[in-house]
Amino acid sequence: MNLRRTLVSAAMVAAVISPAAVFSAAPAFAVSAQAQDDVSIAALEQAAADAAKAYDTAVAAEAAQQAKVEAFLNDSQPYLGKLEAARATAKETAAAKAAADKELAAATAATSKLDDPATSEDEAVAILTRLHKATEAAKAADTANTAAEKARTAAGNALDDARVAEVRKLHTLGEAKKAAAAAKATADKALAAAKAAAAQQPAKVADPAPAAQQPAAVTQVADTTAVTTAGTAGTTSPTTTTAAKTGAKTTTSATSSTTASTATGAELAETGSDPATPYLALGAGLAISLGAAAVYVSRRKAGQPA
């Protein structure tokens, strides 16, 4: 007998607690999901703002570099000035080399008089001296001209390298602008998708406080009706009056439970939960009760004599 009461009591408690647990958990899950959505949208909005700022910065940097490249191409200082000076020096050294080579050629031709017996010793010395000086001057002019040509070439290469470097900077900034534009488009798309998803979600769960206060109002009306009925009867015994009050309270409790279950079911529907959840929980409780009864009957039959 004690075993049967214990099993039946446990089944009833499980049947009552299961729907209440589902009803109380659903609003909490809905509020938590809504809070997460708000945080996600705020983070995406911040990311979109940062991407837009980075894109604006990249656009400004590219425009500034474009202006710098155009100015450099129009007046490539100081590289162009160095190249022009190197060119002038090379031109001068080239002229000096040409003159030295010409003098060397004349001095070399004059040495033919050395074989003439009519040439005196002093004339021979003068011819050889001229040849020596012309040779040294030609060597010096050639060295200076070679150095000037190298300097001119280096200045031209420096100018070309500077131009290429500026153009490369412009290209790099252009690629950075493209990457920033792509990042901005991705951030804007993610934000739009999140907002669209949030707009399709159900509204927030209403405050369950009014639903919890409704049974108290219904109970008060039921008690007043029961008391009024008992007072009007007059001849009804105290036992009958007590029974009437008890019946009214029981009816009111059932009405309150029905009202609370209906309100809870509505809250579950509003949060996106399945409205059949309360019925599944109640069915589980009834199944537990039936199982307990079956166990009790089988053990009772097993204990009866054959």
Side-chain angles (χ1 to χ4, degrees), residues 40-111 129-196:
S40 300
I41 291 177
L44 290 175
E45 288 178 346
Q46 183 62 41
D50 293 341
K53 184 177 180 180
Y55 174 73
D56 294 339
T57 302
V59 170
E62 184 190 29
Q65 182 61 26
Q66 180 66 38
K68 185 177 180 181
V69 169
E70 293 177 358
F72 187 82
L73 294 178
N74 293 331
D75 186 10
S76 303
Q77 298 299 338
Y79 300 96
L80 183 59
K82 292 180 179 180
L83 177 59
E84 292 176 351
R87 286 174 178 175
T89 302
K91 185 177 180 179
E92 292 177 358
T93 57
K97 182 178 180 299
D101 291 341
K102 184 178 180 180
E103 174 61 20
L104 178 61
T108 302
T111 58
T129 302
R130 179 185 178 186
L131 178 63
H132 177 72
K133 290 181 178 180
T135 303
E136 294 297 329
K139 289 181 179 180
D142 184 68
T143 301
N145 184 65
T146 301
E149 287 295 330
K150 289 183 179 180
R152 183 184 63 80
T153 302
N157 292 337
L159 176 60
D160 293 338
D161 292 342
R163 288 175 177 174
V164 171
E166 295 298 332
V167 174
R168 284 180 178 176
K169 289 179 182 179
L170 180 61
H171 176 73
T172 301
L173 292 175
E175 294 297 322
K177 186 187 74 172
K178 292 180 180 179
K184 180 178 179 298
T186 301
D188 292 340
K189 184 177 180 180
L191 177 59
K195 288 184 177 180

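Excluded from the calculations below are hydrogen atoms, water molecules and symmetry mates; all remaining heavy atoms, backbone and side chain alike, are included.
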Taking every non-hydrogen atom, the tightest pair across A90 and A148: CA-CB, 3.4 Å
Other residues, nucleotides, ligands: >12 heavy atoms within 6.0 Å of Y79 OH: no
Nearest atoms (heavy-atom pairs only) where K184 meets A51: CA-CB, 3.7 Å
Heavy-atom pair of closest approach, residues A141 and A100: CB-CB, 3.8 Å
Minimum-distance pair of heavy atoms, taken over all atoms of L191 and L44: CD1-CB, 3.8 Å
Residue pairs involving residues 79-94 (criterion salt bridge (Lys or Arg N to Asp or Glu O under 4.0 Å); sequence neighbours excluded): none
side-chain contact (heavy atoms from CB on, under 4.5 Å) assessment of L80 paired with Q77: CA-CA 5 Å; L80 183 59; Q77 298 299 338; 4.0 Å; yes
Polar side chain donor-acceptor pair, Q46 to D50, under 3.5 angstrom: yes
T93 vs T143, side-chain contact (heavy atoms from CB on, under 4.5 Å): CA-CA, chis, key distance, verdict: CA-CA 9 Å; T93 57; T143 301; over 6 Å; no
Donor-acceptor contact present, side-chain Q65 to main-chain E166, <3.5 Å: yes
Considering all heavy atoms, the nearest L83-A155 contact: CA-CB, 3.5 Å
K177 and L173: CA distance, side-chain angles, deciding distance, side-chain contact (heavy atoms from CB on, under 4.5 Å) verdict: CA-CA 6 Å; K177 186 187 74 172; L173 292 175; over 6 Å; no
Side-chain donor/acceptor of D142 to backbone N/O of A138, under 3.5 Å: no
Interatomic spacing from OG1 in T172 to NZ in K169 - rounded to 0.5 Å: 9.5 Å
Test salt bridge (charged side-chain N to carboxylate O under 4.0 Å, His left out) applied to K178 - qualifying residues, sequence neighbours left out: E175
Residue list, salt bridge (charged side-chain N to carboxylate O under 4.0 Å, His left out) with D56, at least two apart or on another chain: none
Any donor-acceptor N/O pair, N145 side chain to A94 backbone, under 3.5 Å: yes
Salt-bridge contact E149-R152 (side-chain N to carboxylate O under 4.0 Å): yes
Approximate separation, where rounding is to 0.5 Å, of K97 NZ and L104 CG: 10.0 Å
side-chain contact (heavy atoms from CB on, under 4.5 Å) between Q66 and E62, worked out: CA-CA 6 Å; Q66 180 66 38; E62 184 190 29; 5.5 Å; no
Salt bridge present between R130 and E103 (N-O < 4.0 angstrom): yes
